[in-house]
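In what follows, a structure is listed as structure tokens, so that the remarks can point back to it.
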Protein chains: 2
Amino acid sequence: MEFEREKKIFNKFIKSKNLRCSDQRIKVLEVFLIINKHISVDELYKMIKSKYPNIGMATVYRTMKLLVECGLSGETRLNDGVRYGPLFRNDHHDHLICVRCGRFDEIINIEIENLQKRIAKEKGYILENHELILYGICSECQKKK
Amino acid sequence: MEFEREKKIFNKFIKSKNLRCSDQRIKVLEVFLIINKHISVDELYKMIKSKYPNIGMATVYRTMKLLVECGLSGETRLNDGVRYGPLFRNDHHDHLICVRCGRFDEIINIEIENLQKRIAKEKGYILENHELILYGICSECQKKK
DNA sequence: GTGGTTGCAAAGACTTTGCATTGTT
DNA sequence: AACAATGCAAAGTCTTTGCAACCAC
């Protein structure tokens, strides 16, 4: 079966919190993993709905919160709402978004991570997390005029 | 009079767009500048309301959009909503937020700016803007346990 | 006077919550 | 059997919009 690792992580989390491993939660997780990119709850809900018609929006919202909590999904707030996206082990990724077409790239850069840690330290903070969004014009859109 | 520079910027912008310089807009700008920190529209509205009771929430929303557009305010989206905050000439600033107490520090760091430009370029993007939020525990909260 | 601006209330978009029912353990 | 989870709809938030009255230019 697909997504063994992720399901194991989810199961472990579910058990550790004395929650129940419902069909719906597994389906949300599966669709989320298949899509494998940044999406809004609404987009995710539509895709799930088309495959499993009687799943509620509320369940999608509730499940995505769990996925974030157990580290299987990241959460990014953009101008037009929240996006969920896959998170992989140990590599925090940042975002590069095209302001013209909305294209979404991910960045993994150790230098930035280190620089951030240093800056936080200078200000007396212990860094827990960060979120970096770069807005620009992607190569495709540069050609278009 | 206070805030000469900012008012001049705002006026110029207003004129360039054929808008009108209403009392309300000036009041919103003034209170925003007096507060001089990151706040939600709601907080700003309450402070304005206490000074000028018959100003509407919609006007505050509308004016803050203008202030962002003319570069007098920055806009940051946090988990619990949008925050507006002062922007100063030519120095883009990033944010450092304490996850315990909500303390809000600003960071200005040229290295980060340069690194970001380079990364965007590597991916074929022309960088237009960026938003960096670091989440950590501030020095005060570290002491508290 | 023209046409942008306002306050208000209504509408919208997104998200959460209450509750009776259903499902997991 | 106990109690968490679900779907639905209702309720909450935050933000935008429509509109008649109003005001800057």
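Below, chains carry the letters A, B, ... as their sequence lines are ordered, and counting in each starts from 1.
Listed by first then second residue, pairs satisfying salt bridge (charged side-chain N to carboxylate O under 4.0 Å, His left out) with a partner in residues 32-47 of chain B read B:D42-B:K46, not counting sequence neighbours. Identified under the salt bridge (charged side-chain N to carboxylate O under 4.0 Å, His left out) test for residues 54-75 of chain B, with sequence neighbours left out: B:K17-B:E69, B:E75-B:R77. For residues 118-127 of chain A, every residue pair satisfying the salt bridge (charged side-chain N to carboxylate O under 4.0 Å, His left out) rule, not counting sequence neighbours, is listed here: A:R118-A:E122, A:R118-B:E111.
In terms of the side chain to side chain contact (heavy atoms under 4.5 Å, CB included) criterion, residue partners of A:Y135 (sequence neighbours excluded) are, by chain and number, A:L78, A:I97, A:V99, A:I133, B:N129, B:E131. Residues passing the side chain to side chain contact (heavy atoms under 4.5 Å, CB included) test with A:N114 are A:I110, A:K117, sequence neighbours excluded.
Separation of atoms CG (B:L127) and CD1 (B:I119) is listed at 9.5 Å; rounding is to 0.5 Å.
Distances were taken from every side-chain heavy atom of B:Q24 (C-beta onward) to each of C:dA9, C:dT6, D:dG7; the shortest belongs to C:dT6.
Within the structure, a side-chain polar atom (N or O) of B:Y61 is placed less than 4.0 Å from OP1 or OP2 of D:dT15. In terms of phosphate contacts, A:R25 brings no side-chain nitrogen or oxygen within less than 4.0 Å of OP1 or OP2 of C:dT24.
Salt-bridge check for A:E2 with A:K7: failed, with every basic side-chain N at 4.0 Å or more from each acidic carboxylate O.
Atoms CG (B:N18) and P (C:dG3) sit 11 Å apart, rounded to a whole Å. For the pair B:L66 CG and C:dT5 C1', the computed distance is 11 Å after rounding to whole Å. What separates NZ of A:K17 from C1' of C:dT25 is a distance of 19 Å, to the nearest Å. In this entry the distance linking CE of A:M57 with P of C:dT16 reads 11 Å, nearest Å. Counting to the nearest Å, the C1' atom of C:dC14 and the OH atom of A:Y84 are 11 Å from each other.
Comparing A:G56 and B:K65 against DNA chain D, the residue whose closest nucleotide sits nearer the 5' end is A:G56. Summary of the strand contacts: A:V82 and B:V60 both lie near DNA chain C, and taking for each the nucleotide with the nearest heavy atom, the more 5' one is attributed to B:V60.
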For a quick test of your reading: what N or O donor-acceptor pairs under 3.5 Å do the side chains of residues 48-56 of chain B make, sequence neighbours left out?
from  : atom 1 : to    : atom 2 : distance (Å)
B:K49 : NZ     : B:Y45 : OH     : 3.1
B:K49 : NZ     : B:P53 : O      : 2.8
B:K49 : NZ     : B:I55 : O      : 3.2
B:S50 : OG     : B:M47 : O      : 2.8

Hey, can you pull the donor-acceptor pairs under 3.5 Å for the side chains in residues 19-29 of chain A, sequence neighbours left out?
from  : atom 1 : to    : atom 2 : distance (Å)
A:S22 : OG     : A:R25 : N      : 3.3
A:R25 : NH1    : A:R20 : O      : 2.8

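Residues of residues 41-50 of chain B having a heavy atom closer than 4.0 Å to DNA chain D: none are found.
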Counting primed atoms plus P, OP1 and OP2 as sugar-phosphate and everything else as base, spell out the protein contacts along nucleotides 19-25 of chain D at 4.0 Å heavy-atom distance: B, S or - for each nucleotide, 5' to 3'.
-----BS

